[in-house]
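By convention in this document, chain letters (A, B, ...) are assigned in the order of the sequence lines, proteins followed by strands, and residues within each chain are numbered from 1.
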Amino acid sequence: MRTSLHEIEKIEQYLLKRGNPEEHLLMEAKMQLDSELADQVALQKQTYKVIVSYGRQQLRQEIQSIDRKVFRLPVYASFRSSILSIFKKS
Amino acid sequence: MTKTIDQSERELLFTRLYMEAFPATAKFVSRTGGSLEDARDAFQEALLVFYEDVMLGDYQVEVSDKPYLLGIARNIYLKKKRRNKIDNSLEEVEVVDLQEDEISTGKLLNFLQETSQRCMELLQSFYYEKLTMASLADRFGFRSERSATVQKYKCLEKVRNRVKEKSISYEDFLA
């Protein structure tokens, strides 16, 4: 693996708490001395958040398409009419 | 333990849950004066929470799926109802701020979808769906876990650079 990828792996182990305690402390000390590294760590942390948002958005779209399906397709007509009757009464 | 299923299995699961648990959600929402749209919104959000808790998280459901899901849907609906009341009395400024934040996240996600879709799919499979390296290699057609791992870090580097690029351009935009 390229050096830059090894660095990403090291940051990942630190952020996801996969390394041992010594490595964790070492990383914290390095970050104190190297502000560029500290920036990289912050950026990678933000990237994980963005990836989770992406995954969640994909799942949300899947759920929306199921919702559209059960409220539109003829196959689910009886389900739909039983639901509509719940709201007619009120 | 994380239980990973693919998209077609998810479709079956979600459809089944709609049939089993949506009618009770609809009755509850209707009784408290809500509309069909309210019930659908709350139920969709509840499915997301349910999936993250049960399928992606460590949560073990003791009771069956249905009452658990119904409980989540009720809470989401009631919270939203309360929040709507509060929002109406809030100053407009705060609401606008929240919307702008959501818009810039949405823009970034669209940008990543357009420029790095395969990488985003691969990364979300690992960091969101929590697939093992072996199933990830299988899903994306890598010969070994090792090559999948290398590709994962390459993608992470690529996306990290894109996020950086975008966050800088947003700063410029705001300045």
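Hydrophobic clustering of Ile, Leu, Val, Met, Phe, Trp and Tyr side chains at less than 4.5 Å, counting indirect connections, keeps B:Leu12 apart from B:Leu69. No continuous path of hydrophobic side-chain contacts links A:Leu16 to A:Leu26 [ILVMFWY only; heavy atoms under 4.5 Å]. Under the 4.5 Å side-chain heavy-atom criterion for grouping Ile, Leu, Val, Met, Phe, Trp and Tyr, B:Met19 is connected to B:Leu17 within one hydrophobic cluster. Transitive grouping of hydrophobic side chains (ILVMFWY, heavy atoms separated by less than 4.5 Å) keeps B:Leu70 and B:Ile72 in distinct clusters.
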B:Lys152 and A:Glu12: side chain to side chain contact (heavy atoms under 4.5 Å, CB included), yes or no, with the steps? CA-CA 12 Å; B:Lys152 190 197 82 176; A:Glu12 171 156 317; 2.9 Å; yes
Give the intermediate values and the outcome of side chain to side chain contact (heavy atoms under 4.5 Å, CB included) for residues B:Leu123 and A:Tyr54. CA-CA 9 Å; B:Leu123 292 170; A:Tyr54 181 88; over 6 Å; no
Verdict with supporting geometry, A:Gln58 and B:Met120, side chain to side chain contact (heavy atoms under 4.5 Å, CB included): CA-CA 11 Å; A:Gln58 299 294 99; B:Met120 289 307 285; over 6 Å; no
Begin with the C-alpha distance, continue with both residues' side-chain angles, and end with the deciding distance and a verdict on side chain to side chain contact (heavy atoms under 4.5 Å, CB included) for A:Ile86 and B:Val29. CA-CA 10 Å; A:Ile86 293 170; B:Val29 170; over 6 Å; no
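Note that CG of B:Leu56 and CG of A:Leu59 are 7.5 Å apart. Values are rounded to the nearest 0.5 Å. One finds the CZ atom of B:Arg160 at 8.0 Å from the OG atom of A:Ser4 (value rounded to the nearest 0.5 Å). With values rounded to the nearest 0.5 angstrom, A:Lys49 atom NZ is found 11.0 Å from B:Thr105 atom OG1. Here the straight-line distance linking atom CD of B:Glu157 with atom CD1 of A:Ile8 works out to 4.5 Å at 0.5 Å rounding.
For A:Arg56, the parts sitting under 4.5 Å from any heavy atom of chain B are the backbone and the side chain alike. Contact of B:Phe43 with chain A is not made at all, since no heavy-atom distance falls under 4.5 Å. Within the 4.5 angstrom heavy-atom criterion, atoms from both the backbone and the side chain of A:Gln44 approach chain B. Using a 4.5 Å cut-off between heavy atoms, B:Glu121 touches chain A through backbone and side chain atoms alike. Interface remark: B:Arg10 contributes side-chain atoms only to the contact with chain A (heavy atom separation under 4.5 Å). With a threshold of 4.5 angstrom between heavy atoms, A:Ser53 approaches chain B through its backbone and through its side chain. For chain B, the nearby part of A:Ile83 is the side chain; its heavy atoms alone come within less than 4.5 Å. Interface residue A:Gln40: backbone and side-chain heavy atoms are both found under 4.5 Å from chain B. Contact of A:Glu62 with chain B is made through the side chain alone, with heavy-atom distances under 4.5 Å. For B:Lys154, the parts sitting under 4.5 Å from any heavy atom of chain A are the backbone and the side chain alike. Contact annotation for A:Gln64: both backbone and side-chain heavy atoms come within less than 4.5 Å of a heavy atom of chain B. The part of A:Val70 that comes within reach of chain B is its side chain, from C-beta onward, which places non-hydrogen atoms under 4.5 angstrom from that chain. Only the side chain of A:Tyr48 comes within less than 4.5 Å of a heavy atom in chain B; its backbone stays farther off.
When all heavy atoms of A:Ile63 and B:Phe14 are compared, the pair lying nearest together is CG1-CE1, 3.7 Å. Closest heavy-atom contact between B:Gln124 and A:Gly55: OE1-CA, 3.5 Å. Of all the heavy atoms in B:Tyr153 and A:Leu5, the pair that sits closest is O-CD2, 3.6 Å. Contact record, B:Leu109 with A:Val50: CD2-O, 3.7 Å, taken as the closest heavy-atom pair. Minimum heavy-atom separation, B:Ala39 to A:Phe87: CB-CZ, 4.0 Å. Shown here for A:Phe79 and B:Tyr18, the closest heavy-atom pair between the two residues is CE1-O, 3.5 Å.
For the residue pair A:Gln57 / B:Tyr128, no side-chain donor-acceptor distance below 3.5 Å is found, with atom types taken as modelled.
When B:Thr149, B:Leu112, B:Val150 are compared by the number of non-hydrogen pairs under 4.5 Å with chain A, B:Val150 comes out ahead.
In this structure, B:Arg16 places its CZ atom where more than 12 heavy-atom neighbours from other residues, nucleotides or ligands lie under 6.0 Å away.
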